[in-house]
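So the structure is just underneath, and the comments pick up after that.
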Amino acid sequence: MAQLENPLVSIVIVCMNRLDNLYPCLESIRKWTGVPYETLVTAYLFDPQNLERVRKDFPEVKFIPSDEIRGFSENNNLALRQARGRYIFILNDDTLMIEDVVGRLCADFALLPDNAAILTPRLLNEDGSLQLCGRPPYPAGNYLLQQWHLFSEGKDDTVGKTPVVGSIFATSNISGAAFLIKADIFRELGWLDERYFFTPEDIALSTLARKRGYGVYVDREASIIHKWRTTASSMSVAVRPAAVRGSLIFFSEGKPLRYLFLAAGVWHAESAKRIKAALRYMVSRDPKVLLSLRTYRAICRAIFTRRSPKEIFIREYEKLRRK
């Protein structure tokens with residue numbers, strides 16, 4: 001369906017100069033979206049020639065240049081403030097639609113209580129296997145245990161539950177890779193929290209929505225492919241420390257002693273990984289192991305700092321650029 005002047009849905013994407021991700025994503029939106037929509041893409045740190053090319057090939061898309069260092073929340077918010085739809089569909093650039101998931105989720109809202117705010121589809125890996133179907137509660141203790149590989153988040157939050165209606169289930173959290181939210185509620189919640197550079201802005205949004213009395217749901221028969229395992233890079237040295245710092249800020253809930261307890265546990269976990277990686281690198285001299293070692297070192301430096309996640313990212317990013 002063509003994009004219209006009065007869209008029902010605003011599809012918002014952030015892309016960091018990755019046309020290999022963006023082109024298939026935009027093409028799948030063209031093919032599968034069956035409701036009136038607009039697409040807004042934050043073109044993050046794009047080469048001028050890439051921006052010119054993609055504007056020519058997708059003239060219906062509104063591209064919003066972002067030429068300063070910004071995180072996932074900040075870049076999304078640049079586009080969100082210009083969105084005109086009744087609903088907003090946040091979408092990663094490394095996703096592919098395989099059905100009219102936007103239209104289905106919009107129709108789902110008519111079946112749910114008035115306080116329903118967010119709907120998420122089931123996320124699939126490229127091979128069709130399940131990646132996530134809703135997300136259960138994720139307390140601070142689980143986060144800490146996960147750093148020690150003693151906890152793994154369940155993939156399917158609908159197992160053993162009774163649907164609210166049809167294939168729609170209540171869930172606790174969403175993934176930032178793909179979710180539909182009512183625009184007026186999103187605006188009320190203040191868009192995405194810019195304190196978090198990469199994570200856990202999706203869990204923070206879900207948590208805030210539920211605290212305000214809004215419902216979060218997943219439709220397990222609405223599916224989208226998320227190619228997240230194919231997008232890792234050397235940027236992990238900057239991304240992961242910022243993510244860990246953001247997670248500690250979120251899970252400590254502004255309580256210094258809580259932060260200290262969580263930070264100590266995470267620091268010891270990352271230190272153990274750092275020592276293991278150092279020993280492996282002494283034997284193998286594998287560049288991938290060296291990248292892991294540098295990442296663990298950067299995480300340890302970030303844990304007890306007063307720097308914001310964004311400041312941590314910028315510091316590590318500048319180091320990468322100088323190499």
Side-chain angles (χ1 to χ4, degrees), residues 71-73 131-132 134-157 171-177 192-208 210-211 228-229 232-282 288-317 319-320:
F72 181 81
S73 294
Q131 188 178 117
L132 277 178
R135 300 177 74 179
Y138 193 61
N142 286 357
Y143 171 73
L144 182 55
L145 289 173
Q146 191 166 35
Q147 309 317 302
W148 286 94
H149 303 297
L150 298 175
F151 171 80
S152 181
E153 183 180 10
K155 293 182 178 181
D156 192 344
D157 192 37
T171 191
S172 294
N173 294 302
I174 57 170
S175 165
L192 290 168
D193 194 327
E194 295 183 3
R195 288 180 299 170
Y196 310 116
F197 198 75
F198 286 107
T199 59
E201 75 294 319
D202 45 8
I203 295 177
L205 177 65
S206 310
T207 301
L208 180 59
R210 288 186 285 103
K211 284 183 177 178
W228 67 281
R229 290 189 185 277
S233 71
S234 61
M235 290 292 289
S236 64
V237 177
V239 171
R240 289 194 56 203
V244 169
R245 171 70 169 142
S247 295
L248 288 170
I249 290 171
F250 172 74
F251 287 113
S252 63
E253 300 177 349
K255 301 173 182 177
L257 288 178
R258 186 182 177 93
Y259 186 97
L260 183 61
F261 173 79
L262 291 172
V266 173
W267 186 88
H268 281 92
E270 297 300 326
S271 294
K273 297 172 191 175
R274 181 185 61 190
I275 293 169
K276 183 178 179 181
L279 294 173
R280 288 177 58 201
Y281 183 67
M282 289 174 61
K288 292 183 179 179
V289 177
L290 179 60
L291 174 61
S292 296
L293 176 58
R294 289 173 174 167
T295 301
Y296 297 138
R297 285 173 176 167
I299 292 172
C300 289
R301 287 194 298 267
I303 288 173
F304 289 107
T305 182
R306 292 184 177 273
R307 292 185 177 94
S308 69
K310 181 175 181 177
E311 290 169 337
I312 290 168
F313 177 86
I314 291 173
R315 181 183 65 176
E316 299 300 335
Y317 178 72
K319 288 180 183 179
L320 285 173

Inset, instruction - List the atom of P137, the atom of N142, and the distance in Å for their closest heavy-atom pair. - result: O-ND2, 4.2 Å
Inset, instruction - Check the surroundings of atom NZ in K276: do more than 12 heavy atoms from other residues, nucleotides or ligands lie under 6.0 Å from it? - result: no
Inset, instruction - For atom CZ of R315, decide whether the heavy atoms of other residues, nucleotides or ligands shown that lie under 6.0 angstrom number more than 12. - result: yes
Legend entry - Taking every non-hydrogen atom, the tightest pair across R245 and R307: NE-O, 2.7 Å
Inset, instruction - For the residue pair L205 and I174, establish whether any side-chain heavy-atom pair is separated by less than 4.5 Å. - result: yes
Using distance only, find each side-chain donor-acceptor pair of residues 291-299 under 3.5 Å and give its atom names and separation, not counting sequence neighbours.
residue, atom, partner, partner atom, Å
S292, OG, K288, O, 3.3
T295, OG1, S236, OG, 3.4
T295, OG1, L291, O, 2.8

Inset, instruction - Locate the shortest heavy-atom distance separating M235 from Y317; write the atom from each residue and the value. - result: CE-CD1, 3.7 Å
Inset, instruction - Measure the shortest side-chain to side-chain distance between N173 and P136 over non-hydrogen atoms and say whether it is less than 4.5 angstrom. - result: no
Inset, instruction - For the residue pair P309 and R195, establish whether any side-chain heavy-atom pair is separated by less than 4.5 Å. - result: no
Inset, instruction - To the nearest 0.5 angstrom, please state how far the OG1 atom of T171 sits from the CG atom of L132. - result: 9.5 Å
Residues 261-272 side chain polar contacts: donor-acceptor under 3.5 Å, at least two apart:
residue, atom, partner, partner atom, Å
H268, ND1, A264, O, 2.8
E270, OE2, K273, NZ, 3.1
S271, OG, W267, O, 2.8

Inset, instruction - State the CH2-OH distance between W148 and Y143, to the nearest 0.5 angstrom. - result: 13.0 Å
Inset, instruction - Give, for atom CG of D202 and atom CZ of F72, the distance between the pair rounded to the nearest 0.5 Å. - result: 7.5 Å
With a cut-off of 3.5 Å and sequence neighbours excluded, list every side-chain donor-acceptor pair involving residues 250-257.
residue, atom, partner, partner atom, Å
S252, OG, L248, O, 2.7
S252, OG, I249, O, 3.2

Legend entry - For D156, all residues meeting side chain to side chain contact (heavy atoms under 4.5 Å, CB included), sequence neighbours excluded: L130, C133, T158, V159
Inset, instruction - Applying side chain to side chain contact (heavy atoms under 4.5 Å, CB included), name anything that partners L279, two or more places apart in sequence or on another chain. - result: I275, M282
Inset, instruction - Provide the closest heavy-atom pair for D157 versus G134 in the form atom of the first, atom of the second, distance. - result: CB-C, 3.8 Å
Legend entry - Contact summary for S73 and E194, nearest pair of heavy atoms: CB-CA, 3.9 Å
Legend entry - Over all atoms of both residues, closest heavy-atom pair of A242 and I312: N-CG2, 3.9 Å
Legend entry - Those residues that, when tested against E153, pass salt bridge (Lys or Arg N to Asp or Glu O under 4.0 Å) (two or more places apart): R135
Legend entry - Check: S308 main-chain N/O paired with E311 side-chain donor or acceptor under 3.5 Å: yes
